[in-house]
Number of protein chains: 2
Amino acid sequence: MTGTRSTGRRERLRIETTAEIKRTALELMGSGGPDAITLRAIAREMGMTANAIYGYFATRDDLVTALISDVYTALADAVDAAWAASAQDAPAERIQAWARAFRNWALANPEGFRLIYGDPVPGYQAPAGGAAPDAARRVCVGIAALADAAWGGAEQAYGDADFGWDDFDPGLLDKVRPAFPALPPAGVALALRIWGHLHGLVTLEVYGHLRAQTLSPDKLFHAELTHLVRSLGLAPGAPR
Amino acid sequence: MTGTRSTGRRERLRIETTAEIKRTALELMGSGGPDAITLRAIAREMGMTANAIYGYFATRDDLVTALISDVYTALADAVDAAWAASAQDAPAERIQAWARAFRNWALANPEGFRLIYGDPVPGYQAPAGGAAPDAARRVCVGIAALADAAWGGAEQAYGDADFGWDDFDPGLLDKVRPAFPALPPAGVALALRIWGHLHGLVTLEVYGHLRAQTLSPDKLFHAELTHLVRSLGLAPGAPR
DNA sequence: GCGAAAACTATACGGCGTGAAGTTTCTGAA
DNA sequence: TTCAGAAACTTCACGCCGTATAGTTTTCGC
């Protein structure tokens, strides 16, 4: 009768307000870009004083950090879901599904994409640890899954460079090696190379640099994706 | 005795001051990131009032636009020079030289790179025309030269996608088609694909996303570059 | 019912871009 | 040589921002 018992009313309100602050910040970002995330604007929107937000986030950067974590997690969820939803025995289609999910998410959430991968907000400096690096790592592990799925056919084209385990961040390897024991260092390198490859096309498109040159970035991306899959020794799956 | 006659003393001072403002802005950016570009800081550094800058740039965005033009032109100069300095009859080495110049410039001028390709400064929105798009186009034309040089061997791997001239911006084609008459639409697409490909790796590295995962982004880049050259049907040249 | 803690407001400071108005300095012609 | 006018620059002002400090209200646990 008195609502949830496990968490007090106060705590519940606190959680709700925290969520509302973040939601409002994301709305502002969506309509006015990353610079629209100002404590005062958020407070105005919520009918409170700017300083009240300090009860929830110690500083504006902390809020931005929380937003990045949330947004990055959403991206990781999206690509992981696309990967999980694709047929396990069709590596080419899985990779294409992953890449399309990455690009589609970026195009659907351009402000979020800039928040994650660009200069998010004036003067913001990412903290060392936290949830955002975790999400980044999740994305990397996701790409490692791509590399692992394709390694059989890709080894010939990508296995010649002499990578060693000490070329990579231990924190990444802690996640990758147990998950993909058969993947050698060059395979991890392949994962990062794929990431960079796709990232570049998507970044240019999201930031508008590509749109100034071509009218069909979509075609460009899919051509390059098909090429990548072939390059990995796989037969490209059906488009779309 | 009275100095240059073609331009008055006043005009000369004006040009010098304009240059000093831009130089100071670039210094501030170099030491404090793109957000350090504030009219007040520049003025402080130069011993004037912030409003005095309004005599030279109508608004802060105009100053940023001018900086982007300058920096973008410097990048275009750097890659063009590397291209011109490499042997004309060794397309693989030319491409590698171009790509290395691109990456090296980005790593040497990370702040400039973010200024060009990132969210440069809070709220800044690029104007439609001007020198910056020209420099961007110059870079694109430079990559088109790569594609043109490699098209003979690359056509097999990159020529299947059905691109037409109407997939591209007319302004780009105005520059590219006269310079490379033999290059078909798919070749122009290849240029943009190469651009995106390299851009991604460099962007991740400059923004620190890659460094969180690998300790040798250099190795990664060169492995990918070698792969790219091979993929273009060329034999990679000597490293470094 | 009450004391403490949590949530929130009020006020203030320095920094930002920028507009309006005033002041100094230079220039070119009478 | 003088002097109007333009150019360069300063001063003052406004409203924005993040945020520190202090004070006020609301709510919870006993």
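Order of the sequence lines fixes the chain letters, A, B, ..., with proteins taken first and strands second; residue numbering starts at 1 for each chain. Small disclaimer: the values here were computed from a predicted structure and weren't measured. The figures here come from the full heavy-atom set of this structure, side chains too, leaving out hydrogens, waters and symmetry mates.
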Worksheet item: What class does the angle between the rings of Phe102(A) and His199(A) fall in, given that below 30° is parallel, 30 to 60° is tilted and above 60° is perpendicular?
Response: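 Phe102(A) vs His199(A) ring planes: tilted.
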Discussion item. Considering every strand and a 4.0 Å limit on heavy-atom distances, what is the contact class for Tyr56(B): base, sugar-phosphate, or nothing?
Written reply: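 Tyr56(B): backbone/sugar contact only, no base atoms under 4.0 Å.
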Can you find a side chain N or O atom of [X] that sits less than 4.0 Å from OP1 or OP2 on [N]?
X        : N       : answer
Thr59(B) : dT18(C) : yes
Thr38(B) : dC16(C) : yes
Arg14(B) : dA8(D)  : yes

Could you check which of [options] has an atom nearest any side-chain atom of [X]?
X        : options                   : value
Asn51(B) : dT11(D), dG17(C), dT9(C)  : dT11(D)
Ala50(A) : dT19(D), dG17(C), dC12(D) : dT19(D)
Met48(B) : dC9(D), dT9(C), dG17(C)   : dC9(D)
Arg44(A) : dA10(C), dG18(D), dC16(D) : dC16(D)
Arg40(A) : dT18(C), dA10(C), dC17(D) : dC17(D)
Arg60(B) : dG18(D), dT9(C), dG17(C)  : dG17(C)

[atom1] of [X] versus [atom2] of [N]: gap in Å, rounded?
X        : N       : atom1 : atom2 : value
Tyr54(B) : dT11(D) : OH    : C1'   : 15 Å
Leu39(B) : dC17(D) : CG    : P     : 18 Å
Met46(A) : dC8(C)  : CE    : P     : 8 Å
Ile53(B) : dT10(D) : CD1   : P     : 10 Å
Leu28(A) : dC17(D) : CG    : P     : 10 Å
Leu13(A) : dA7(C)  : CG    : P     : 9 Å
Glu20(B) : dA8(D)  : CD    : P     : 15 Å
Ile42(A) : dC8(C)  : CD1   : C1'   : 16 Å

Discussion item. Salt bridge check, Arg211(A) against Asp169(B): does any charged N sit closer than 4.0 Å to a carboxylate O?
Written reply: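 No, Asp169(B) and Arg211(A) are not salt-bridged.
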Fill in: Lys/Arg-Asp/Glu bridge criterion (N-O < 4.0 Å) met for Asp218(A), Arg103(A)
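Answer for the salt bridge query: yes.
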Worksheet entry | Any donor-acceptor N or O pair under 3.5 Å, side chains Ser216(A), Asp167(B) |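 A donor-acceptor contact under 3.5 Å links the two side chains.
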Fill in: Minimum heavy-atom distance Ile53(B)-Leu39(B), with the two atoms named
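So the minimum-distance heavy-atom pair works out to CD1-O, 3.4 Å.
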